[in-house]
Amino acid sequence: MRRVWARREWILVVLGSLALAAALTWPTLRHPLSTVPGDIGDPAMFAWQIAWGGHALLHNPLHFWDSNTFYPDPHSLAFTDTVLGYMPLGMIGSGMEAALLRYNLLYVLLHALAFVGAYALTRQLGSHPLGAAVAGVAWAFAPWRLAHVGHLNVISTGGIALSLAMIARGHGWSLRRGHRPDRHRPGWALAGWLVAAWQISLGLAIGLVFAYVMIALCLVVAGWYGWTWWRRGRPVFGRRLLVADLAGGLVFGAVTVYIGLAFSRVVELNPQADRGLNWTEAYSPPWRGFFIAPDSSWLWGDRHAAVRAELSWPPEMALLAGVTLIALGTAGVFFSVFRLRHRVLLAIGVAVAVVLALGSNLPWHGDPGYLTFSKHLPGWAALRTPGRLQIWITLLLAILAAGAVSALALAVRGVSSWPKAGALARAKFVALRLGLLIPLLLVTVEGVNKTDHPEVLKYPAAMAVAPEPMLILPSDGSLEMSMMLWSTNGFPRITNGIVTFVPTGQDRVRAASKTFPDAPSIAALRADGIKSVLVLPEWLPGSPWEGMANRPIDGLGITREDIDGRILYRLG
């Protein structure tokens with residue numbers, strides 16, 4: 001009977017997560033072929049990135065990192081954080097509409113996975129299904145995530161909780177009952193490590209901290225394992241479980257190193273890509289940021305408008321995990337189904353994560369703290385946004401909240417059962433049961449969004465006939481991300497693209513093009529292999545290329561053609 005209920009529970013959890021994700025990300029699925037959540041910047045870039053990954057895997061896997069954008073710079077796929085784990089999906093379908101549909105579906109599904117991951121983790125740790133549901137909603141739809149709707153690499157965190165759940169299950173461990181060797185499941189442990197490796201492949205912006213957390217957990221477990229073995233005279237884990245951990249850990253480490261080397265290669269080729277600690281200082285949030293919601297929060301957005309305006313960079317500093325979650329997590333320290341020592345450790349984890357998330361905004365300027373890690377841990381200096389550690393604060397609070405709600409659910413079950421007679425007694429029974437749903441309702445309401453879903457810029461027909469490699473002008477600003485999305489129609493090589501630094505080749509081409517069309521600029525572009533220049537006249541005003549559409553081309557050896565309001569220059 002228990003197995004039947006377990007199967008039904010997980011069927012309900014998966015179906016419920018999909019329905020909840022579709023509802024709380026609405027209207028993402030209303031027009032998935034033409035709109036994106038948030039803005040038309042980063043979503044367009046990630047839609048291109050996934051599409052390029054699928055295209056490269058199918059047609060030229062040996063040059064996977066040499067994308068069609070940022071021509072003539074090599075290794076350009078690694079110019080920014082990459083969601084490699086999603087790229088096999090890019091093998092399904094082709095063109096710009098397919099890229100948009102794929103992105104929007106992934107946007108909804110990643111929220112569903114986050115719910116399932118947190119539910120699975122808290123259930124494995126010993127929570128009641130209601131407590132796990134509260135944790136799942138609070139983790140997947142925390143208000144602060146709404147500031148990152150365009151950052152697919154930041155909100156794709158479901159694999160973190162899911163992998164921890166699977167590894168904990170494989171080791172027979174929970175916060176409620178501790179370690180139970182009879183519950184060892186090596187297959188679950190191995191699967192958990194593989195999910196963790198997939199999570200790392202979704203980007204190091206979040207994955208690098210995850211990697212260090214996993215290293216820290218392994219060191220703690222290894223120390224506990226050695227101490228227990230020494231005291232008892234026999235190993236705590238069996239050989240099969242140790243082999244599963246070793247094999248899974250090697251895969252996890254290999255994926256992390258592979259991606260890390262790709263980004264290291266970018267810094268070798270473009271030293272200007274290396275970020276100083278001034279970035280971290282600029283993006284370090286103040287303490288009040290933990291109680292401020294993004295403007296796209298339906299419940300809190302307008303209410304927090306005044307205090308949010310005081311933040312120097314709200315997208316990275318409006319960090320509200322949820323008022324309900326903070327209250328439930330705090331209660332979970334004192335009232336819970338979990339063991340006291342585990343609750344204390346979780347509370348300490350929250351405190352440490354808060355201190356680190358403040359970055360340099362501490363009386364001692366974050367050293368020791370986040371800046372210390374930036375100076376000494378490989379790769380940490382590239383994590384310029386300390387506030388993103390809110391991911392870990394939210395997860396730890398969700399676990400504490402699950403413990404509190406579970407204790408409440410068990411207490412209500414213990415004091416009331418369905419009365420055999422009496423309308424008042426029955427009403428009390430129903431009221432108590434319905435009252436248990438209040439925490440779930442509150443965290444759900446706090447997750448409701450009012451996110452914009454703008455239409456993407458239409459694909460210019462002139463791109464279909466422009467010889468490649470091509471340069472599209474003007475070449476600066478967030479418009480570059482739309483150009484990257486346009487290039488999913490056939491993947492022509494383009495000089496365009498935007499990241500947090502200007503690659504060497506792109507900088508050279510842009511500088512040469514500012515006097516285009518004239519003899520020196522044409523010669524420089526030809527020297528870099530550029531075959532055509534596509535000009536978008538409506539975007540030229542206010543840019544360094546303003547007025548170029550009216551310049552003569554007589555005697556320059558190039559042709560000019562007007563195609564649907566766009567100007568195409570063929571350089572021959």
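Between Leu568 and Ala466 the shortest heavy-atom distance is CD1-CB, 3.6 Å. In terms of heavy-atom proximity, Leu202 sits nearest to Val83 at O-CG1, 3.5 Å. The two residues His304 and Phe291 come nearest to each other via the heavy atoms CE1-O, 3.4 Å. Between Thr69 and Asn496 the shortest heavy-atom distance is CB-O, 3.4 Å.
Ring-centre distance between Phe46 and Tyr86: not below the 6.0 Å cut-off. For Phe141 and Phe115, the ring centers are positioned 6.0 Å apart or more.
With Asp295 contributing its side chain and Gly301 its backbone, the two residues share no donor-acceptor pair below 3.5 Å.
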Run the salt bridge (charged side-chain N to carboxylate O under 4.0 Å, His left out) check on Arg388 and Glu316 step by step: do they pass? CA-CA 7 Å; Arg388 292 181 183 179; Glu316 296 288 354; 2.6 Å; yes
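Figure legend: Arg145 and Trp139 shown as a cation-pi pair, the cationic atom lying under 6.0 angstrom from the six-membered ring centre and within 45 degrees of its axis.
Enclosure of atom NZ in Lys450 by more than 12 non-hydrogen atoms of other residues, nucleotides or ligands within 6.0 angstrom is indicated. Other residues, nucleotides and ligands contribute over 12 non-hydrogen atoms within 6.0 Å of the CH2 atom of Trp380.
Under the 4.5 Å side-chain criterion, counting only non-hydrogen atoms from C-beta, Leu204 is not in contact with Thr82.
Under 3.5 Å, the side chains of Ser521 and Asp518 contain a donor-acceptor pair of N or O atoms.
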